[in-house]
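Quick note on labels: first sequence line is chain A, next is B, and so on, each numbered from 1. Hydrogens, waters and symmetry mates are skipped; everything else that's a heavy atom, side chains included, is used.
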Amino acid sequence: MEAMKLDIKKRLFMLMLLGSLLSFLFLGSSLFYGLYGVWDSFNAKKEEVTVVVTDYNRDFAKEQTQETMDRSVELKSETVSFEVNAIKEDVKYLSNEVSEILKSPQNYELKKLPNAADGNLPGGIPYVQISPELKSQGITPELEKEIQLVSNIGEQMQSLGLYYVNVFVASKNGYTIYYDTSEEKGYVAILSREEWRDTYDARKRGWYTDGINSQEPVFSDVYTSITGIKIISCVMPYYDQNGIAGVLGVDCSPKNLFIQEEEGKVHESFIINKKGVILLSTVQKSFFPPNKVLKRMRQRFTGYEKVFVDNEEYFLSYAPIDNTDWCMGTLVSKEEVMKDAVTAQHRMVEQMNIFYTSFARIILLMGGLTIVISLVLFSLILYCSAKIATRVSKPVYALMAGADEIAKGNFQYKIQIHTGDELEQLAENFNKMTDALNHYTQEIAYRAKEKSRVEAELSAATNIQISLLPSPLPPRDEFSLAAAMYTAKEVGGDFYDYYLIDENYLAVTIGDVSDKGVPAALFMAGVKTVIKNNILSAMKKGVTLEAALYYANNQIIDANKENYFVSVFTGILNIETGEFTYVNCGHNPPALMDGETISYLPSFKTNAVLGVKANWKNTENKIHLKQNSFLFLYTDGVTGALNGNQEFFAKERMEHVLREMGTETAPEEIIKGMNEAVISHIKGTGENVEQSDDITMLVLNYKGCEDMDSEKEIVIPAKVEELPKIVSFITEISRATDCSERSINQLMLVVEEIFVNIAEYAYKDKEAVAIIKGKLYGKPPEIELKFIDEGVPYNPLEKDDPDIDAALEDREIGGLGIYLVKKKVDNISYERQGKKNILTIRKKMI
Amino acid sequence: MEDISISIEEKNGWSVLFLQGRLDRVNAEDVGSKAEETMATAAKMAADLSGLEYISSAGIRVLLRLAKKSKADGKEFVICGADGFVKEILEDSNMDMLVTMINSVEQLP
């Protein structure tokens, strides 16, 4: 327990903690990442938004300003135009009135107005002023009358009101009727003032010349009047019967032409005339439009430009003034224009900052909240993990404590767990186990006593088994033989036996009793003796091998109290002829190795193991062992050997080993080699696997006699007509024997029937051949014939025998041939090899 | 017909078919047709096999056909003198149960 690095509780705890933390970290980090992302992108956008809004504000302000200025300049120019028009109308009206007076003097009374020569006249009253030139010429009565007549205009002059500074009518004759509109107290009418009353001659003024040269009312440039104030005059001529009688006009303050400035809006305006001279201007600074703009203004365009005044940026909007050849311009400084935009921008930034601050606060709050929640959750996870780990591990500790108790040998200990899950199940199983252990320890104590007795018994059995094996035979030229039994730990029931019955007959036996242990070994010993006795006595009496086995079986059953059974293969070799007669009673068919070919000795299916069924007939077979062929007899221990992977050694491996060693290897070596192969198969998987069954083998190598005949062969067309040739062939073979006429006739019948059968049926009218191979063996001579054809597959032995007991009328004509053949041969067998039908018969030639 | 000779003689109202040599698959058809010719005209028929050394199933078939025909025609048919190998094969084929067999042609009634 001390060796444990982390106990189960801590592991569980760590596992749960780790799982929770991982998912928690995953959720938390994504939340934090999200928050950070929002914060980051907000920071980035903040500047951007401010710039965009500011730009937009500026542009918007500029646009707004242009629109406003365009409207303003238009409005102003319209206003000025209206004013100008009104002034012109006034002047026209005055001109009409005066002309009317001069043209129709009979309609007017004479009127005497104060004379400037009287000195220091007050304002608000029209008066007459005489030019120095006229004064020196002297005023004629006609002129005096004309002056008094024209003085009627004084009323209309007054009616024009206070709008103008002065109203005047200047005659070409050198007198002037003048009206100062100012009614201020102490005001002295201009021309009555000392400096002008005797010196002023209207005809010498600029405006007079302007007036003479125009038929319509015309404006002068702005000029400084004799009183020193800026004024602009509008003048036109008036007429009598003879044409132009003089020039009359009004002076007005340039300010009157401009509408009052709107409150708060600082639009500075100016008017230029056709000549490009600034007539009026509210611009404080020394400003003059650039030439390019001036040109356009003089060409009466409407427009909007950016200009510089004292290195300050201004926007200039301009438009022509109707009814005049003037142009109006309005200036506004960029600073002014941008004032709103800047204000808006400041407000925007301020709002943004407020939003930013509150947003930051929210983000911080959320972050803080997340941390707090995380900490709470983390503590919760810690608590729960510890709790659950304790709960789950508690029964495990109980189990551990229980296991410790049991390890100490306390099988009475009972583990108490009631979790209702697999652990409770485990605890129950544990308790069952201790019960079982308790039971087994008692049992083992009992068994230990038994063991020593059994071991002694087993070694006795092994001794019996080994002592029963035969001693080696004296060597012979015709055959060599070897046998071995490799016993497993447990005593098996295998046995083998061999003995010479006489000089010419060798008996071999191999067998396997169904059980192991001493009684089985004793039973085996009995079986071996019984079989040997029966074979020996059968040979003496001239009885068949199968009869010997029949009796042996019955004797074994009589002695079989334990209900064993035994598989036995036993055979007798005619050393001279190679004939091998055998009976297989339920044993593994021995392998026959002839050159490279390995086959297994055929047996009858009805044959059965010995010791089971009384009066049971096991049938014998006969084969001829060829020269230098090997018989390999073996028990289950060979093919049934299991390795750690539960793989059998099996026939395939056995055949492989036999082929590897070949027919040149001595029987002893074959047995050794096979045993090594089997053992290496068993141990091959590297695990500690023990041989579980006896390995028992017997190898017989038949070398044959020197005088054995070789084979004869005839190849002949498969036609009935060829029969005589076959008769000759058979006669030739059988000539070597001194057998009876009857045997020869029987053989002839056999050959004829089989050959006719091939000729008539095998090839179905096709031309083909049949092969017959013939061979004689030993003494008494025996002939073996093989009939080979390549016709349709046909096994004549499968054909039913004809019903020879039928009444004459029912008796079938055919089918007799093969029936007779079977009666006349000692052995007949059929096999199909590839395309070949091979029918083999053997017959003793006596 | 190298290996067999056939002769027919009348004896006490019996037509006697005398076969000598080997009766096998090669000559069985000729022997059969000859025998059946004789049977057609005969009132009673006997086959004397005392001179026959060898017979195969083809020969048994010839005798079996004659026996069937005689039974169908209501004629008497007797096999005489079968011996040795020939007798063995006739017995193996159970012919002795179907046809009257006598030891010698002399024993014919």
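- Other residues, nucleotides and ligands contribute at most 12 non-hydrogen atoms within 6.0 Å of the CD atom of B/Glu29.
- For A/Ala759, no part lies under 4.5 angstrom from a heavy atom of chain B.
- Between A/Arg811 and B/Ser93 the shortest side-chain heavy-atom distance falls below 4.5 Å.
- Inter-residue side-chain proximity for B/Met95 and A/Leu808 is flagged as unmet; no heavy-atom pair is nearer than 4.5 Å.
- Residues A/Leu749 and B/Phe85 share a closest heavy-atom pair of CB-CZ, 4.0 Å.
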List, one per line, each side-chain donor-acceptor pair under 3.5 Å for residues 792-804 of chain A, sequence neighbours excluded.
{"residue": "A/Asn795", "atom": "OD1", "partner": "A/Leu797", "partner atom": "N", "Å": "3.0"}
{"residue": "A/Asp801", "atom": "OD1", "partner": "A/Lys822", "partner atom": "NZ", "Å": "3.2"}
{"residue": "A/Asp803", "atom": "OD1", "partner": "A/Asp805", "partner atom": "N", "Å": "3.2"}

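- Of all heavy-atom pairs spanning B/Ser57 and A/Leu820, the tightest one is CB-CD1, 4.1 Å.
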- Task: Please test A/Glu752 against B/Tyr54 for side-chain hydrogen bond (donor to acceptor under 3.5 Å, both in side chains), starting from the C-alpha separation and ending with a verdict.
- Result: CA-CA 11 Å; A/Glu752 179 188 330; B/Tyr54 171 86; 2.7 Å; yes
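- Heavy atoms of other residues, nucleotides or ligands lying less than 6.0 angstrom from CD of A/Glu767 number 12 at most.
- With chain A as the partner, the residue from B/Asp92, B/Val99, B/Ile60 showing the most heavy-atom pairs under 4.5 Å is B/Asp92.
- A 4.5 Å side-chain heavy-atom check between A/Glu753 and B/Arg25 finds every atom pair outside the cut-off.
- For A/Lys622, the NZ atom counts as densely surrounded, since its 6.0 Å shell holds more than 12 non-hydrogen atoms of other residues, nucleotides or ligands.
- When side chains are defined from C-beta on, A/Met748 does not count as touching B/Asp24, because their heavy atoms never get closer than 4.5 Å.
- Within a 6.0 Å radius of OH in A/Tyr551, other residues, nucleotides and ligands contribute 12 heavy atoms or fewer.
- Within a 6.0 Å radius of NZ in B/Lys87, other residues, nucleotides and ligands contribute 12 heavy atoms or fewer.
- Residue contact with chain B, scored on non-hydrogen atoms closer than 4.5 Å, is absent for A/Glu741.
- Heavy atoms of other residues, nucleotides or ligands lying less than 6.0 angstrom from CZ of A/Phe604 number more than 12.
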- Message: A/Lys824 vs B/Glu88, test: side-chain contact (heavy atoms from CB on, under 4.5 Å). Steps then yes/no.
- Response: CA-CA 11 Å; A/Lys824 297 307 166 198; B/Glu88 177 187 331; 2.6 Å; yes
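- Neither the backbone nor the side chain of A/Phe755 comes within less than 4.5 Å of any heavy atom in chain B.
- Contacts of A/Glu760 with chain B are made by side-chain atoms alone, with heavy-atom separations under 4.5 Å and no backbone atom involved.
- Within a 6.0 Å sphere centred on CD of B/Gln107, other residues, nucleotides and ligands contribute more than 12 heavy atoms.
- Judged as a salt bridge (charged side-chain N to carboxylate O under 4.0 Å, His left out), the pairs with a partner in residues 63-83 of chain B (not counting sequence neighbours) are, in order, A/Glu809-B/Lys71.
- Using a 4.5 Å cut-off between heavy atoms, A/Val720 contacts chain B through both its backbone and its side chain.
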